[in-house]
Student: 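Here it is: the structure, laid out below.
In the text below, chain A, chain B and the rest are named by the order of the sequence lines, each starting its count at 1. Small disclaimer: the values here were computed from a predicted structure and weren't measured.
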Protein chains: 2
Amino acid sequence: MKTTENRELAVEREEKLLARVKAGRIVRVDALVRDLGVSAATIRRDLEQLEKRGTLRRVHGGAMAVESNLDEPLFDDKTQIAATEKLCIARAAVGFVKPGASIFLDGGSTILAMAPLLREMTDLTVVTNSLRVAAELAGGGPTLIIVGGELRRRSQTMVGPLTEPALSALHVDIAFVGTIGLDLETGLTTTDPREAFTKRLILRRAQQIILLADSSKCGKTSFIRFGSPEEAHVFITDSSTPEHLLKVLRRKGVRVITV
Amino acid sequence: MKTTENRELAVEREEKLLARVKAGRIVRVDALVRDLGVSAATIRRDLEQLEKRGTLRRVHGGAMAVESNLDEPLFDDKTQIAATEKLCIARAAVGFVKPGASIFLDGGSTILAMAPLLREMTDLTVVTNSLRVAAELAGGGPTLIIVGGELRRRSQTMVGPLTEPALSALHVDIAFVGTIGLDLETGLTTTDPREAFTKRLILRRAQQIILLADSSKCGKTSFIRFGSPEEAHVFITDSSTPEHLLKVLRRKGVRVITV
DNA sequence: TCGTTATTGATCAAAAGCAAGCATATTGAA
DNA sequence: TTCAATATGCTTGCTTTTGATCAATAACGA
């Protein structure tokens, strides 16, 4: 039998295996061989299949838990993706920041690219729920107001109900908002409900909303919706974003900027 | 095989290694060899790869954490003073942390020394208003709740009225609190009114208060008072603190620990 | 400055891990 | 029972990772 495509692996074993991976984050093949009493070949076949399903990630010598959400890579990797586009977009966004303003920066990687460009400004108030942005600006010029809450590891942002009192008390001139998915049908989407909750709050507390998204986000839909693209006053993206999408947004009154 | 470009280093080892670097800021290759049980050549290959990813910086003889903007020179100077005493005090304090607990860590340098010691704990909720503590624990095990507010540059802590709603909603088992000055007459004092405001709030939201102060703080008085030493249930200090002060506190029902 | 010592990078052979193929065991249906 | 389908275990050849050696290089003290 060559193709073992839809091989049905013993449910019992699958459960034990998954439990182990989730508990320890990583397991070694030889440990599984010992504990489950089957051969290494079988373990490998199991892992192979579970990897295909996206339930775990195989690494040399074993397997590790896949980060809970598929379409949001780990933060450190994410900043690498489309770094040039992100920087160009960030530069264009910074152009909107005027002295004396108060702005909100959310936790997206595109928006993180703005932070270094704002470090030297002194007559500026920056509100953020991103630990990364905070770290970037902690020694810089702007007055920094950090929104508290529970730290979401993956994005290094503060999220959840605890952010509400702080955000409700504030009002900013411009909110710079990133997104995981942008689609005309499904709107703006992100991976985490708590993250979405916080983003929704922000959108209501800003005079002007500037949406930042490189072309890789366009047409994508993630797990949970936090708004629609036409809520934005300005949309900044790169030149690879499909023209028809831009056209629709322009018709709806969004100022579109491509870099 | 020549090209070890995308060599997949044992994830298990990578994690330990990164933890070590983050905890100690600098690690020697031979220490890693000893602790991880692999050869120096392997450690070097790992380090090389992690450096390529930008996760750490290699130095002669080992590696160090890539410095983030959080490392304020102002602050760092202070952490150097009485570093040994601080670490001993921190170790004693960590002994009070039980699994399942929720604790508050404030922004003092003594308390910052506790953070690395808590990184590996998972069944723990840490509430903090210190950006430094947050940064230290951001990649670690404990659930992290960050109190928002305006960032005070010098101490890298969130202070002021915006911290009130978040702090009022929380209640912790233990609050670990540092101080700038400790005096029987003038009580616990600090330099910044907003800082004092936040500290006062914290003292009211904790089941148990553990006060940490090395001997250099004792007998000193700073600008503004935020409480009195007998409010603490436990006071941890070093052996150079004058005995008469400890005696008075003991008589007032404070459990005194000298390290 | 020079020489001494420690650290590094390159190379290579050994070990560990892996995929594919094949034989055997198990299961369920005719 | 017999047959077919599937899962498992074993062997083989190949790839990746590792540890040891050694020359080159960097730090350090006189």
Side-chain angles (χ1 to χ4, degrees), chain A residues 1-67 73-74 76-77 80, chain B residues 1-67 80:
Chain A
M1 198 66 343
K2 167 89 128 259
T3 65
T4 324
E5 285 308 312
N6 40 7
R7 157 174 174 279
E8 183 164 352
L9 65 91
V11 188
E12 188 187 3
R13 215 172 50 222
E14 174 185 341
E15 280 183 358
K16 277 190 203 169
L17 203 152
L18 274 176
R20 289 286 303 266
V21 171
K22 295 228 166 120
R25 263 187 50 70
I26 57 176
V27 279
R28 302 187 45 85
V29 169
D30 46 21
L32 290 169
V33 168
R34 187 162 33 77
D35 296 358
L36 305 188
V38 290
S39 79
T42 302
I43 295 291
R44 288 213 183 80
R45 277 185 276 243
D46 289 359
L47 293 179
E48 183 184 9
Q49 197 163 358
L50 288 169
E51 182 173 45
K52 249 180 228 155
R53 284 202 233 153
T55 322
L56 50 76
R57 213 186 93 202
R58 284 229 282 160
V59 295
H60 200 89
M64 64 184 294
V66 73
E67 331 305 336
L74 275 170
D76 277 345
D77 301 333
Q80 302 304 320
Chain B
M1 206 47 357
K2 170 90 129 249
T3 68
T4 323
E5 284 308 310
N6 40 8
R7 159 172 172 280
E8 183 160 6
L9 65 92
V11 187
E12 195 177 355
R13 218 175 44 225
E14 173 185 352
E15 284 186 354
K16 279 189 203 165
L17 203 151
L18 272 176
R20 288 287 304 265
V21 171
K22 295 224 167 123
R25 310 232 19 93
I26 176 151
V27 280
R28 298 186 45 83
V29 169
D30 46 19
L32 290 169
V33 168
R34 187 163 32 76
D35 295 359
L36 305 189
V38 291
S39 79
T42 303
I43 295 290
R44 289 215 183 77
R45 277 185 279 243
D46 289 358
L47 293 179
E48 183 184 9
Q49 197 165 357
L50 288 169
E51 183 174 44
K52 245 181 233 158
R53 285 203 236 153
T55 321
L56 50 76
R57 224 185 79 205
R58 288 187 68 186
V59 293
H60 203 84
M64 61 185 298
V66 66
E67 65 283 280
Q80 296 311 314

Student: Applying side-chain hydrogen bond (donor to acceptor under 3.5 Å, both in side chains), name anything that partners B:Arg44, two or more places apart in sequence or on another chain.
Tutor: none
Student: Using atom CG of A:Asp46 as one end and atom C1' of D:dT8 as the other, report the distance to the nearest whole Å.
Tutor: 10 Å
Student: Roughly how many Å is it from CG in A:Leu32 to C1' in C:dG17, rounded to a whole number?
Tutor: 14 Å
Student: Rounded to whole Å, please give me the gap between CG in B:Leu17 and C1' in D:dT18.
Tutor: 15 Å
Student: When you compare the side chain of B:Leu47 with that of B:Val29, does any pair of heavy atoms fall below 4.5 Å?
Tutor: yes
Student: Has the side chain of A:Arg45 got a donor or acceptor that lies under 3.5 Å from a partner of the other kind on the base of D:dG9?
Tutor: yes
Student: Just how far, in rounded Å, is P of C:dG17 from CD of A:Glu48?
Tutor: 18 Å
Student: Could you work out, with side-chain hydrogen bond (donor to acceptor under 3.5 Å, both in side chains) as the rule, every residue matching A:Arg28, not counting sequence neighbours?
Tutor: A:Asp30
Student: Are B:Leu56 and B:Leu17 close enough that some pair of their side-chain heavy atoms sits under 4.5 Å apart?
Tutor: yes
Student: How long is the line joining CG of A:Leu47 and C1' of D:dA7, in whole Å?
Tutor: 16 Å
Student: Salt bridge between A:Asp35 and A:Lys16, side-chain N to carboxylate O under 4.0 Å?
Tutor: no
Student: Find the distance A:Glu51:CD to C:dA19:C1' and express it as a whole number of Å.
Tutor: 14 Å
Student: Rounded to whole Å, how long is the line connecting atom NZ of A:Lys52 with atom P of C:dA19?
Tutor: 11 Å
Student: For nucleotides 6-8 of chain C, list the nitrogen or oxygen atoms of the protein found under 3.5 Å from its nitrogen or oxygen atoms, one pair per line.
Tutor:
{"residue": "C:dT7", "atom": "OP1", "partner": "B:Arg28", "partner atom": "NH2", "Å": "2.7"}
{"residue": "C:dT7", "atom": "O4'", "partner": "B:His60", "partner atom": "NE2", "Å": "3.2"}
{"residue": "C:dT7", "atom": "O3'", "partner": "B:Gly61", "partner atom": "N", "Å": "3.2"}
{"residue": "C:dT8", "atom": "OP1", "partner": "B:Val59", "partner atom": "O", "Å": "3.4"}
{"residue": "C:dT8", "atom": "OP1", "partner": "B:Gly61", "partner atom": "N", "Å": "2.6"}
{"residue": "C:dT8", "atom": "OP2", "partner": "B:Arg44", "partner atom": "NE", "Å": "3.1"}
{"residue": "C:dT8", "atom": "OP2", "partner": "B:Arg44", "partner atom": "NH2", "Å": "3.1"}

Student: Whole-Å distance between D:dA20 C1' and B:Ile43 CD1?
Tutor: 16 Å
Student: Between A:Val59 and A:Ile26, is any pair of side-chain heavy atoms under 4.5 Å apart?
Tutor: no
Student: Does D:dT18 have OP1 or OP2 under 4.0 Å away from a side-chain N or O of B:Thr42?
Tutor: no
